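Each remark here refers to the structure printed beneath this line.
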Amino acid sequence: MDIWVDAKKLLSIITALFLFKRINVNLLLFNFCVHGRFHCVIYLQVFNAKTAELLSHHQVEIQQKFPKEGWVEQDPKEILKSVHECVERTCEKLQQLNIDITNIKAIGVSNQRETTVVWDKTTGEPLYNAIVWLDLRTQSTVERLLKRIPGKNKSFFKFRTGLPLSTYFSAVKLRWLLDNVEEIREAVDDGRAMFGTIDSWLIWSLTGGKNGGVHCTDVTNASRTMLFNIHSLEWDPELCQFFDIPVEILPKVRSSSEIYGLMVCFLKSGALTGVPISGCLGDQSAALVGQMCFQDGQAKNTYGTGCFLLCNTGQKSVFSQHGLLTTIAYKLGRDKPVCYALEGSVAIAGAVVRWLRDNLGIVKTAQEVEKLAAEAGTSYGCYFVPAFSGLYAPYWEPSARGIICGLTQFTNKKHIAFAALEAVCFQTREILDAMNKDCGIPLNQLQVDGGMTNNKVLMQLQSDILCIPVVKPSMPETTALGAAMAAGAAEGVGIWSLNPGDLTAVTCERFEPQINPEESEFRYARWKKAVMKSMGWETSEFGDLFCSHHLWTIPMI
């Protein structure tokens, strides 16, 4: 029997997998998912590889930190400790299933891509908390950097990086750390500092850490830093000079599927000593692979904390004229070609449901939002723009803030719940419209994955608003599958074939549009009007309250 062990997702998603010699096991050690305002939960789930049947699971809760308004952090040491615990507990459960863990053959990692960590290579200690991808503290840093660009053009580096200058990406987070944390500046000056996204921190730690750990990342994660040339597939010296970041602290960039190093055992049993870590993909790329979108024009949309629509453009890097990102989809082997994708990134998707629960308290569980929305059946003219972290694609407008408009005395929490789900669908419609314009060939259906796809009201709304079918695989966490495929297919491992004819077909649920296109267009036009009203709320003066342009010291939290 073929088995996988999967995991769920955080604000710094990480996924690791083990593949058995005789029994294929995808052991997703840690895939973090926000669970409440102040905590994240690591979910581990064991699936049958052919049926996606859930066989076992484990979870560990970690704390999420909000030191100031707009700041989001996690403790890298707590993440690593939780990984150790998850591996231990999951291996125990595998043994209870009579699976011999001495047959474990390979490990892979997947992570949310832009979360930034700096650590000391001599002590193995992080020098500050991880700054999470949707953290907003760098807004004034971005504005300061824009002053050095001709015409303050946010897209000035787009043809090298595929990205606009934004608080989203790792380079500005790293610049903020260098400007504001004395301990990090001293470590850089002394040659002790290492930078990485969460994948780098974990691979380095799991392969020995200060005792010879491998400092690397893969092309998909590197392409989200704004320091990486997506054509040469190398760190760009001019970009590093612009951000004033020393190349020496950056990890070596590798393909998404190769042996990076060997696991240093931390289990009581000692079973994982010498097991190769052989796969690494950013979460959205992993989901693209897991959805088997290997052909030009194939696309998937992942609904998690945020919402991410990726369309495979093959070996050609397509640059958007409508606010999308150009990113690396995958490079599945050292000698294999790199493939690119167009991406639409939405900051707030599942997070809006948690906001209704944790901030407004109108529901006690996320599942209640679906029930309330189903009872309402309409927003009754209420529109919700959840621009809590500004607006990402296609606007890239950090000054926007969340609004709820169209309220009347009749409006109640059911209508607001409906409007919240509808907002996720409208945001997807915006990025899908942009993608259709850039690609020239409109999608005739949308493949979806992620935790929110369990919400049937949301999936039906999405089909209604897009006016095309929405197709959901029976196993929604396809990040797990993508990570498994990358690690298992690596040279020197070779237990997973990526030939299309060898890939197992995935069973799907299909949602068809149930409203007429005229109604869909009317609701979408009202949404766009609401979006315009959400813009321009913030000013640079507000951002300066959080981040000084002068050097100052922040203690490690």
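Counting from 1, the numbers follow the sequence of the chain as shown. These numbers come from a predicted model, not from an experiment.
- Partners of Arg510 under the salt bridge (charged side-chain N to carboxylate O under 4.0 Å, His left out) rule, at least two apart in sequence or in another chain, are Glu512.
- Taking the centre of each ring, Trp235 and Phe228 come in below the 6.0 Å mark.
- Remark: Lys77 engages Glu125 in a side-chain hydrogen bond (donor to acceptor under 3.5 Å, both in side chains) (not counting sequence neighbours).
- Not a single salt bridge (charged side-chain N to carboxylate O under 4.0 Å, His left out) links Glu186 to another residue, sequence neighbours left out.
- Between the CG atom in Leu432 and the OG1 atom in Thr428 there is a gap of 8.0 Å [rounded to 0.5 Å].
- With sequence neighbours excluded, the residues satisfying side chain to side chain contact (heavy atoms under 4.5 Å, CB included) with Val338 are Leu233, Ile328, Lys331, Tyr340.
- Under the 3.5 Å distance criterion, the side-chain polar atoms of Thr115 are matched with a main-chain donor or acceptor of Trp133.
- For Phe308 and Tyr303, the gap between ring centers reaches or exceeds 6.0 Å.
- Distance alone, capped at 3.5 Å, places no donor-acceptor pair between the Asp199 side chain and the Thr217 backbone.
- Remark: Glu73 engages Arg137 in a salt bridge, criterion side-chain N to carboxylate O under 4.0 Å.
- With rounding to the nearest 0.5 angstrom, the CD1 atom of Ile203 is 11.0 Å from the CE atom of Met263.
- The salt bridge (charged side-chain N to carboxylate O under 4.0 Å, His left out) test applied to Glu509 returns Lys456, not counting sequence neighbours.
- Residue pairs that meet the salt bridge (Lys or Arg N to Asp or Glu O under 4.0 Å) test with at least one member in residues 200-215, sequence neighbours left out, do not exist here.
- In this structure, the ring-ring contact (aromatic ring centres under 6.0 Å, His included) partners of Phe159, at least two apart in sequence or on a different chain, are Phe319.
- Applying the ring-ring contact (aromatic ring centres under 6.0 Å, His included) test to Phe195 and every residue at least two apart in sequence or in another chain returns nothing.
- One finds the CG atom of Leu309 at 9.0 Å from the OG atom of Ser345 (value rounded to the nearest 0.5 Å).
- For Ser205, the side chain to side chain contact (heavy atoms under 4.5 Å, CB included) criterion is met by Leu80, Trp201, not counting sequence neighbours.
- Salt bridge annotation for Glu78-Lys81: absent, with no cationic side-chain nitrogen under 4.0 angstrom from a carboxylate oxygen.
- Gln63 is not listed as a side-chain neighbour of Asp75, based on a closest heavy-atom distance of 4.5 Å or more.
- Within the model, atoms OG1 of Thr326 and CD1 of Ile230 stand 5.5 Å from one another, a figure rounded to the nearest 0.5 Å.
- Under a 3.5 Å cut-off, the side chain of Gln241 and the backbone N or O of Pro237 do not form any donor-acceptor pair.
- Using a 4.5 Å heavy-atom threshold, the side chains of Gln298 and Thr313 count as separate.
- Annotation: side chain of Val117 is in contact with side chain of Trp119 (closest heavy-atom distance under 4.5 Å).
- For an aromatic pair to be called close, the ring centres must be under 6.0 Å apart, and Trp176 with Phe169 fails this.
- Judged as a side-chain hydrogen bond (donor to acceptor under 3.5 Å, both in side chains), and not counting sequence neighbours, the contacts of Thr220 are Asp218.
- Residues Gly282 and Ser110 share a closest heavy-atom pair of C-OG, 3.7 Å.
- Side-chain atoms of Thr161 and Asn229, non-hydrogen and from C-beta on, never get closer than 4.5 Å to each other.
- Atom CD1 of Ile198 sits about 8.5 Å away from atom OG1 of Thr116, to the nearest 0.5 Å.
- With hydrogens and angles disregarded, a donor-acceptor distance shorter than 3.5 Å links the side chain of Ser200 to the backbone of Cys216.
- Side-chain atoms of Tyr392 do not come within 3.5 Å of backbone N or O of Ile348 as any donor-acceptor pair.
- Side-chain atoms of Lys173 come within 3.5 Å of backbone atoms of Tyr168 as a donor-acceptor pair (strictly under, hydrogens ignored).
- Counting heavy atoms from C-beta on, the side chains of Val172 and Leu165 come closer than 4.5 Å.
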Show your working on side chain to side chain donor-acceptor pair (under 3.5 Å) between Ser255 and Glu258 and close with a plain yes or no.
-> CA-CA 6 Å; Ser255 77; Glu258 62 178 273; 2.8 Å; yes
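- Identified under the salt bridge (Lys or Arg N to Asp or Glu O under 4.0 Å) test for residues 107-121, with sequence neighbours left out: Arg113-Asp283, Arg113-Glu343, Glu114-Arg224, Asp120-Arg192.
- Within the 3.5 Å criterion, the main-chain N or O of Leu288 finds no donor-acceptor partner in the side chain of Gln291.
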Under the side chain to side chain donor-acceptor pair (under 3.5 Å) criterion, do Thr327 and Ser223 qualify, and how do the steps go?
-> CA-CA 6 Å; Thr327 196; Ser223 72; 3.2 Å; yes
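- Evaluation of the salt bridge (charged side-chain N to carboxylate O under 4.0 Å, His left out) rule for Arg160 yields Asp236, Glu238 as partners, not counting sequence neighbours.
- Within the 4.5 Å cutoff, side-chain heavy atoms of Thr207 are placed close to those of Ile277.
- Side-chain atoms of Thr225 never come within 3.5 Å of backbone atoms of Asn221 as a donor-acceptor pair (strictly under, hydrogens ignored).
- Side-chain atoms of Lys472 do not come within 3.5 Å of backbone N or O of Gln447 as any donor-acceptor pair.
- Contact of the Pro473 side chain with the Thr478 side chain is registered, since non-hydrogen atoms from C-beta on lie closer than 4.5 Å.
- The residues Arg175 and Asp179 are annotated as salt-bridged, a charged nitrogen and a carboxylate oxygen being separated by less than 4.0 angstrom.
- Counting heavy atoms from C-beta outward, Lys252 and Arg254 have side chains that approach closer than 4.5 Å.
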